[in-house]
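The shown structure was predicted, so the numbers you read here are calculated from the model rather than taken from an experiment.
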Amino acid sequence: MIPVTVFKDATVALFGLGGSGLATAEALKAGGATVVAYDDSEASRRKAGEAGILVQDLHDIDWTIVQALILAPGVPLTHPEPHWSVKLAQAAGVEVIGDIELFCRERQAIARRSPFVAITGTNGKSTTTALITHILRVAGRDVQMGGNIGTAILSLAPPKPGRVHVVECSSYQIDLAPGLDPSVGVMLNITPDHLDRHGTIENYAAVKERLVTGVEQTGTAVVGVDDDFSAAMADRAERAGKHVVRISVRRPLPDGIWREGETLVVSEGGAEVFRLPLGGIGSLRGAHNAQNAAAAYAACRALGVAPEVIAVAMKRFPGLAHRMEEVGNKGKVLFVNDSKATNADAAERALTSFTDIFWIAGGKPKAGGIAPLAPFFDHIAKAYLIGEAAQEFAATLADKVPHEIVGTLDKAVEAAARDAEAAGRPDAVVLLSPACASFDQYPNFEVRGDAFRTLVQALPGIEARTRSTTPVAQKEPPKSGGHPHGNPHGGGHPHGMGGHPGGHPGGHPGGHPGKGHP
């Protein structure tokens with residue numbers, strides 16, 4: 001836990017008593033604050049009360065003594081309209097913030113120069129967060145990982161010199177962190193998603209940009225420049241005096257990191273300074289993972305990790321569960337769990353990675369369906385459609401792609417495995433990449449992915465792969481494998497992408513659990 005002492009002896013209201021809300025309430029209490037908490041769910045209120053948290057309807061409290069409202073990221077701040085608790089706080093002139101902001105302020109108070117890496121973007125955040133954490137651990141650093149990837153930021157070990165916090169940030173969390181100021185800020189990409197929470201894509205992009213804008217002056221902003229919104233962010237950050245490292249998987253860059261086939265090329269001043277091969281690393285297959293790897297390389301270089309160490313670590317990366325996760329083989333047929341692909345843009349990344357796909361898709365549909373995936377329909381041997389979206393997807397596929405509506409995941413796995421094996425093709429892949437939310441049949445994408453893995457591994461003759469896992473939060477420095485505290489402020493820059501000249505990537509803030517936020 002990170003005790004939040006910056007509200008010591010103050011009264012703080014809190015709304016939202018899920019996992020991160022409970023962690024936040026406990027952290028505030030441990031730091032000496034008086035916490036008055038509430039949730040619309042009776043079960044959540046009861047659980048909080050049993051944990052010793054003061055639960056009271058925020059309609060009935062004296063807002064004149066409240067210093068801040070701490071809002072859970074899933075609760076609407078602006079769109080489609082502010083939550084009632086937000087309206088009460090605003091009427092009383094009380095600031096509305098989240099747990100990342102609490103982390104930022106506490107870090108400023110107790111360990112201002114401790115390194116902090118914040119990662120955002122519409123797609124790829126979790127893989128990039130896990131990959132950065134993995135590389136830093138291989139390099140012997142003391143690393144804490146959390147935020148939107150699943151562990152509440154305030155449940156991690158406290159900031160201290162040499163300890164790196166690597167935090168995935170959703171737009172919801174960034175919106176509640178006006179003081180977000182990481183030492184290394186990673187902005188991957190912008191595509192439309194969950195605009196009901198931000199109104200327009202312009203608003204959504206503006207919220208994401210706060211992570212780049214907030215990077216401390218001696219830090220590093222790592223920005224993907226393959227979409228117009230992100231490219232403009234990189235330009236604005238550079239004009240503001242930030243040290244910017246651009247990454248691209250679509251074109252060469254004279255300064256930055258870019259993809260050439262299955263290799264990452266690091267360029268400075270128009271000259272290549274390092275090449276990082278990705279071929280044969282199954283967990284980093286595809287252009288989207290090349291972008292994730294480029295971002296991770298840049299972030300770890302900014303923290304002083306040698307390029308050669310990064311290259312070795314990437315080869316050992318087990319991948320992220322539910323994201324292009326290779327779960328098994330049956331003869332020549334590969335089974336891939338991409339349950340985390342909850343929209344068409346994410347599914348596109350999987351469809352571009354294979355050429356002979358027996359595709360399991362469907363669930364609770366999102367706006368736009370799978371029509372944007374039409375350019376990749378020739379990669380699909382056959383589709384197996386499940387859930388609420390099945391009829392809609394069937395209409396889109398029409399006579400372009402062979403398909404059948406099977407309804408449920410168990411029937412889809414059985415049919416896809418049978419057909420892929422019968423086809424006898426050397427590169428056949430049974431791919432779960434639903435392009436849909438899971439909520440029609442499963443509580444979340446993790447449960448859906450676990451179900452797929454279980455079904456696949458129950459097939460006769462399957463050769464199961466070791467399960468990919470997100471690295472867990474580490475409470476103690478590693479006991480071996482290098483210098484546990486590493487060099488938090490950069491170091492030598494033997495092969496490009498070193499820290500900001502004369503500066504350090506010291507930094508600031510962190511995340512929440514909740515997952516699935518854009």
Side-chain angles (χ1 to χ4, degrees), residues 127 261-263 277-290 292-293 314-341 346-362 370 373 375-386 393 397 400-435 445 448-469:
T127 297
E262 293 188 320
T263 298
L278 297 178
I281 306 176
S283 59
L284 295 175
R285 186 197 306 265
H288 63 294
N289 275 322
N292 300 336
M314 284 193 183
K315 290 179 182 177
R316 300 177 185 172
F317 181 53
L320 192 67
H322 315 297
R323 192 69 179 101
M324 297 285 285
E325 177 190 8
E326 298 181 359
V327 299
N329 289 81
K330 186 176 182 182
K332 295 179 180 179
V333 180
L334 174 66
F335 292 80
V336 176
N337 169 20
D338 195 40
S339 181
K340 195 173 185 296
E348 175 185 326
R349 295 158 186 257
L351 294 182
T352 59
S353 299
F354 305 101
T355 56
D356 202 353
I357 301 169
F358 294 80
W359 184 33
I360 300 173
I370 56 171
L373 299 177
F376 312 102
F377 283 174
D378 61 349
H379 291 203
I380 303 168
K382 186 174 179 180
Y384 306 83
L385 306 177
I386 63 176
F393 284 12
L397 297 173
K400 303 180 188 71
V401 176
H403 61 274
E404 63 177 293
I405 295 175
V406 292
T408 58
L409 187 57
D410 58 337
K411 294 178 181 176
V413 169
E414 180 183 1
R418 178 194 65 226
D419 293 349
E421 189 174 13
R425 300 173 184 176
D427 298 315
V429 176
V430 173
L431 171 68
L432 170 67
S433 190
F445 72 78
R448 178 172 61 187
D450 288 342
F452 176 77
R453 185 189 302 106
T454 299
L455 290 164
V456 168
Q457 294 182 350
L459 293 171
I462 199 77
E463 181 183 342
R465 301 287 184 92
T466 300
R467 179 176 179 179
S468 295
T469 57

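At a threshold of 4.5 Å between non-hydrogen side-chain atoms, the residues L334 and N329 count as touching. By the 4.5 Å heavy-atom criterion applied to side chains, V327 and I462 are not counted as neighbours. With a 4.5 Å cut-off on side-chain heavy atoms, F354 and V336 count as touching. A 4.5 Å side-chain heavy-atom check between V413 and V456 finds at least one atom pair inside the cut-off.
Here the closest non-hydrogen pair linking E404 and A415 is OE2-CB, 4.3 Å. The shortest heavy-atom contact between A435 and I370 is CB-CG2, 3.9 Å. Shown here for A451 and L409, the closest heavy-atom pair between the two residues is CB-CD2, 4.1 Å. Considering every non-hydrogen atom in both P434 and A341, the closest pair reads CD-O, 3.6 Å. Residue V430 comes nearest to A420 through the heavy atom pair CG2-CB, 3.9 Å, listed as atom of the first residue, atom of the second, then distance. Of all heavy-atom pairs spanning Q457 and A464, the tightest one is NE2-CB, 3.8 Å.
For NZ of K400, the number of neighbouring non-hydrogen atoms (other residues, nucleotides, ligands) closer than 6.0 Å is greater than 12.
Distance OG1/T355 to CD1/I380: 12.0 Å, rounded to 0.5 Å. Once rounded to the nearest 0.5 Å, the distance linking CZ of R448 with NZ of K340 reads 11.0 Å. Distance check, rounded to the nearest 0.5 Å: NE2 of H288 to CD of E348 gives 10.5 Å. Between the CG atom in L397 and the CG atom in L373 there is a gap of 9.0 Å [rounded to 0.5 Å]. With values rounded to the nearest 0.5 angstrom, L320 atom CG is found 9.5 Å from N292 atom CG.
Counting only residues at least two apart or on different chains, the side chain to side chain donor-acceptor pair (under 3.5 Å) pairs with a member in residues 411-432 are K330-E421, D356-R425, K382-D419, Y384-D419.
Side chain of S283 to main chain of F317: a donor-acceptor pair is present (N/O by atom type, distance under 3.5 Å, no hydrogens or angles).
Counted by atom type alone, N337 and S339 present zero donor-acceptor pairs between their side chains at under 3.5 Å.
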Practice item. Any chance you could lay out the side chain to side chain contact (heavy atoms under 4.5 Å, CB included) test for D338 and L432, step after step, and finish with the verdict? Key: CA-CA 5 Å; D338 195 40; L432 170 67; 5.7 Å; no
Point to revise | Stepwise side chain to side chain contact (heavy atoms under 4.5 Å, CB included) test for N289 and L278 | key: CA-CA 9 Å; N289 275 322; L278 297 178; over 6 Å; no
Check your understanding: Which is it for F335 and L459 under the side chain to side chain contact (heavy atoms under 4.5 Å, CB included) test, yes or no, and what are the steps along the way?
Key -> CA-CA 11 Å; F335 292 80; L459 293 171; 3.8 Å; yes
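The aromatic rings of W359 and F393 lie parallel to each other, their planes meeting at an angle below 30°, with 60° marking the opposite boundary.
Not counting sequence neighbours, the partners of H379 by the side-chain contact (heavy atoms from CB on, under 4.5 Å) test are I357.
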